[in-house]
Structures are given as C-alpha cells and as structure tokens.
**Q** 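Sharing a structure, written as structure tokens. Questions coming.
From a predicted model like this one, the values you see are computed outputs, not experimental measurements. Side chains included, hydrogens not; waters and symmetry mates left out as well; all remaining heavy atoms used.
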Amino acid sequence: MPEEAMLAGLVSVIGGASVLTVLARRFRRTDDLPSLENWALLDRKLKTVWTWLLLGGTIYTAYTFAAVPGLVYSDGASGFFALPYTVIVCPLAFFLLPRLWAVARQHGYVTVADFVHGRYGSPPLALAVALTGILATMPYLALQLLGVRAVLAVGGLYPRGATSDLIMFGLFAVLTVATYRHGLRTPTTLSALKGIAIFCSAFAVTALVLVRLDGPGNMLQRAAHRLAARGASDASLTLAPDQQSAFLTLALGSALALLMYPHVLTAAFAASGTETLRRASVALPAWAGVLGLFGMLGVGALAVGIRPPPGRAEAAVPLLVEHLMSPLLAGLVLGVMTVGALVPAAVMSIAAASLFVRNVYVAYFHPTATPKRQVRVARWLSLTAQLGAVAFVYGARDQTAINLQLLGGIWILQTFPTVTVGLFTRWLHQRALLVGWATGMVTGTGLVVAQGFSSVVPFDLGGHDVEIYTGLAAVLLNVLVAVVLTPTFDRIGAPRGADATALPSRLNLRRSPEKGASSL
C-alpha cells in the first residue's frame, strides 16, 4: 500500500507536467510565419518573471539538485562549491547578458556563435564556438536523464528489465514531441511548475529534517560524527587548508563556464529586453538559496544515516525524502525532482539544434535555407538530440556520462575569452583566439584524462602542491596564447575579419526593446 501511494504521488506530478506540455501551444501564440527566432527564442518577448523562471529552471537542473547534496554527503564541505559559483554567476549575468542580448537583438543573432561570426568576421572561429557548445551540451543533456533515473529508482518506477526502458522512453516522449512542435514554449510553461514545486519541496523537506534532528546544531554534529567515522581524511564539514584552492578555483571556473552554455544563453536571448535580464539576474540568488537548502539535505542524509548504493551518492536526497515523508508526499516530491529535468533537457535540445542549424547547416551546407526550412531542420535535430540522450543513457555507464560532462565544462569554458572579450574590444586577433581555443581544449582534456577524470590538477608552487580547477588552468593558458600571438599575427599582416556588429565604446542599453532595443 505505501508503494502504491508513493507511485500515485509521483505519477500525478508527472501527469500534470504532461498536461502543461500539451497546453504549451497556447503560450504567447503569434501569427508570424515560422522562424527560428520564434521557435527557439519566443520572438524575444519573455517578461521578467518568465525570464527568471526559465533562467533558473534551466541553470538549476535536476541533476544539480541531486548531485550537490550527493557531493556533500560523500565529500563534506567541498561539495558546497556549487553555492559560491551560483552566487558568482549572478553579477556576471547582470553585466554580461544584457550587453550580449543587445547585440543579438539588434542584428537578429539566435546563437552566441552568430555573435562571434559577426564580431570577428571569422567563420572558423564561429564554427569552433558552435561545435564546442554542441559537444558540451550533449553529455549535460544525458546527465538529466541520469538524475531522473536515480529518482525513479527510489520511487519504485524504475525496475529492472524492459519496463524501465518503456517508462523512461514514455516520460521523455511527451517532452520530445511537445518541444518539436512548440519549441521554447514547452520548457517556459514547465518552468512555472518547476519553480513553484522546487521551492515548496525544498522548504518542506528541510523543515522535516530539522524537526527530526532537533535543530541545525544537532544535525551538523551528527553528520560530522558520521563523516569522521568513515575514516576519510579529506571528508569533513569544514574545508582543510589544502582544499581551499580547489574550492575557490572550482567555484570561479564553474561560474565562468555556466554562462557560456548554449542552453543558458538561449534562455537569456528569449528575454524581452536588457532591463528584463537585469531584474531576472538580481533575483537569481533565490534559486541559489534553494540549492543551498538541497546541499544541507546532503548533511541531513548523513545525520539521519541514509545509505545510498555504492557509487550512487546522488540518490541520498531521494532516499532521505522516502525515509522522512509519508508515501504520498514522498511521491509528490520525487515527482517534482523528476519534472526538474524536463525544463533544462528541452532547452538544451533547442540550443544544440539552433547552433547546428545556424552555424553549421546554413553556414556550410544550405546558405539559402528559408526560415521555414531552418525551423523544420531544428525541430528534427532537437528530437534527435533528446532521443540520442536516452539511447546514450541506456548504452553507457553512469560514470561515462559524468566524465563527459566534466569534460564538457572544461570545453565550454574555452569559449569564454572569445565571447566576453569580443563584447568590449576586438584587440585580440581572431586567429590568435582560435589557436588559444585549440590549446585550451587539448590541454584541458589531456590534464583531465591524465588525472583519472579528476576536476582538479595539482601544481607545484614554491614546493607546495596547490590544486586548481583544470578548466580554469586551461582557459588561463588559452588567454595567454591569444594575447601573445595577437601582436605576431598583426606583425606578419594576417588580415582581420570585418566587424558586422559595429560596437561603439558604450552601448545604450536602456532604451525600450519595443522601440528598437539598443542602438549599436
């Protein structure tokens, strides 16, 4: 009987999400002819609340809400690195995203690679940014399915055998079809359900944990005792001195990488104006606060004595929910965590499809493709991306997806210099940026593989081993190469591409988007 009640709660939330995907076609309908800007960006008409919901729902994925408390459960304080990095993202988003939106709106750019092509006049550099975005997005998309599978397993909806395959396929089939037909309308509609449900669930489960453990002090004491009992020297609720450099560089590097992910930029480009993006960025810390509560649930799982399967620490919070709540409420919360994967998964597939259509298909294979044809190709690519992610999860080990996503973060970070420097100056030569990008990609990948897929790499500084986030080390080398080679290319007379954006020294970002956005 308890199993049936949990199943009923879980299925009811998933069913509600399915109904919303069907209703997505009614969200901000227009009579315009089909275009990629309409399908992928909703004609850039999202107001502040919807932008905040979509950005938060896209940035904070289902796997994030499972992996962060899982890291805290297994590693202690070092797992909280996600909190400062999500806080660092907010001021970066406040200053960078409105400027990038203004350029994209003025010139009709749909992807960040469109901006790179226009700013530097370099098709190879734009292609490198586009392919990097697609390459980094695909394992991230697969990771959403791993988060869903962990939740469904706890809820009893993921048994072994063919039934499990049918459940996973059915869950994402509705999302895939809705995204195919309605584009960004689908995840935007679902983001409202995700936002309300995630916030309510986080507060409810946290309150139950604190009541069960007689307050935060007792919870921390019991969790620290259980971590110490494991005998792991690097697992503690306080950072050791030799962990601080890794913690800081992970937070900084992850924040820089996050803003370069195509799904985050797609959600940002859908905003109605620069002030909309600023207001949404100011409110983003609310999502970071909820993530902090989920991180504390990892401490709560330790204190309660939850024991997830070996190597599956991300199941700690779902198991904690099952342990503390009535079966029906537990099913509802697990359903919320499942729905949490649908928003980012849909936006990721849309972003990857847009990059391929605009910067590979149109740029190299069909320059005269009509807007209607571009939308048709993008729809099929988004469908293929989601089905491919499902097939990947079935055919690969969980650790393979996690390792690829780790590499994806390092890869996408290598586009940061090209995009952000280009927003303010064209001093760096496009060929130097391309060489710097290639250097960072090769170096970052090599270091990660050499370290056994560890996210940090040790450096000997004055006789002391200092651990630094591999992606940050690679991007610093990337920038150094670009800075050193720029005068060299200029000296030998290597031509610079034409600047189609014509950015002045200062952008007028305060004009109403309905009256022409910003003047460039």
**Q** Between Asn359 and His117, is there a side-chain heavy-atom distance shorter than 4.5 Å?
**A**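 No; the side chains remain at least 4.5 Å from each other.
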
**Q** Classify the angle between the aromatic ring planes of His263 and Tyr261 as parallel (below 30°), tilted (30 to 60°) or perpendicular (above 60°).
**A**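 Tilted: the ring planes of His263 and Tyr261 meet at 30° to 60°.
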
**Q** Applying side-chain contact (heavy atoms from CB on, under 4.5 Å), can you list everything that pairs with Val466, at least two apart in sequence or on another chain?
**A**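 side-chain contact (heavy atoms from CB on, under 4.5 Å) list for Val466, sorted by chain: Ser245, Leu461, Ile468.
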
**Q** Identify the heavy atoms of Thr58 and Ala267 that sit nearest to each other, and give their distance.
**A**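 Where Thr58 meets Ala267 most closely, the heavy atoms are OG1-CB, 4.1 Å.
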
**Q** Any side-chain heavy atom of Gln106 within less than 4.5 Å of one from Thr501?
**A** no

**Q** Please collect all ring pair (Phe, Tyr, Trp, His ring centres under 6.0 Å) contacts where either partner lies in residues 270-291, sequence neighbours excluded, each pair once.
**A**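 Checked against ring pair (Phe, Tyr, Trp, His ring centres under 6.0 Å) - neighbours excluded - the pairs reaching residues 270-291 are Trp52-Trp287, Tyr60-Trp287, Phe199-Trp287.
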
**Q** Given side chain to side chain donor-acceptor pair (under 3.5 Å), test Thr48 with Arg279 step by step and report yes or no.
**A** CA-CA 7 Å; Thr48 301; Arg279 289 191 289 266; 3.0 Å; yes

**Q** Taking ring-ring contact (aromatic ring centres under 6.0 Å, His included) as the test, write out the residues that go with Trp411, two or more places apart.
**A**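 If we apply the ring-ring contact (aromatic ring centres under 6.0 Å, His included) test to Trp411, skipping adjacent residues, there are no hits.
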
**Q** Run the side chain to side chain donor-acceptor pair (under 3.5 Å) check on Tyr109 and Arg119 step by step: do they pass?
**A** CA-CA 11 Å; Tyr109 297 152; Arg119 183 62 165 151; over 6 Å; no

**Q** Considering only heavy atoms from C-beta outward, does the side chain of Leu131 approach that of Leu127 to under 4.5 Å?
**A** yes

**Q** Going by side-chain contact (heavy atoms from CB on, under 4.5 Å), Pro187 matches just one of Leu53, Leu175, Ile350. Which one?
**A** Ile350

**Q** Does any part of the side chain of Leu55, heavy atoms only, come nearer than 4.5 Å to the side chain of Leu277, both counted from C-beta?
**A**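 In short, these two side chains touch, coming nearer than 4.5 Å.
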
**Q** Just wondering, do Gln374 and Val362 contact through their side chains at under 4.5 Å, heavy atoms?
**A** yes

**Q** How close do Thr425 and Trp427 get, counting heavy atoms only, and between which atoms?
**A** OG1-N, 3.1 Å

**Q** Report the distance from atom CG of Asn38 to atom CG of Asp43, rounding to the nearest 0.5 Å.
**A** 4.0 Å

**Q** Is any side-chain heavy atom of Pro262 closer than 4.5 Å to a side-chain heavy atom of Ile412?
**A** yes

**Q** With Phe269, which of Leu97, Leu100, Asp114, Val110 fulfils side-chain contact (heavy atoms from CB on, under 4.5 Å)?
**A**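 Looking at Leu97, Leu100, Asp114, Val110, the match for Phe269 under the side-chain contact (heavy atoms from CB on, under 4.5 Å) is Leu100.
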
**Q** Do Tyr469 and Leu413 touch side chain to side chain, with heavy atoms closer than 4.5 Å?
**A**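 Of all side-chain heavy-atom pairs linking Leu413 with Tyr469, at least one is under 4.5 Å.
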
**Q** Identify the heavy atoms of Ala288 and Thr86 that sit nearest to each other, and give their distance.
**A** CB-OG1, 3.6 Å

**Q** Other residues, nucleotides and ligands only: do more than 12 of their heavy atoms fall within 6.0 Å of CH2 on Trp380?
**A**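 Not buried by this count: 12 neighbours or fewer within 6.0 Å.
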
**Q** Side chains of Trp437 and Thr132: closer than 4.5 Å at any heavy-atom pair?
**A** yes

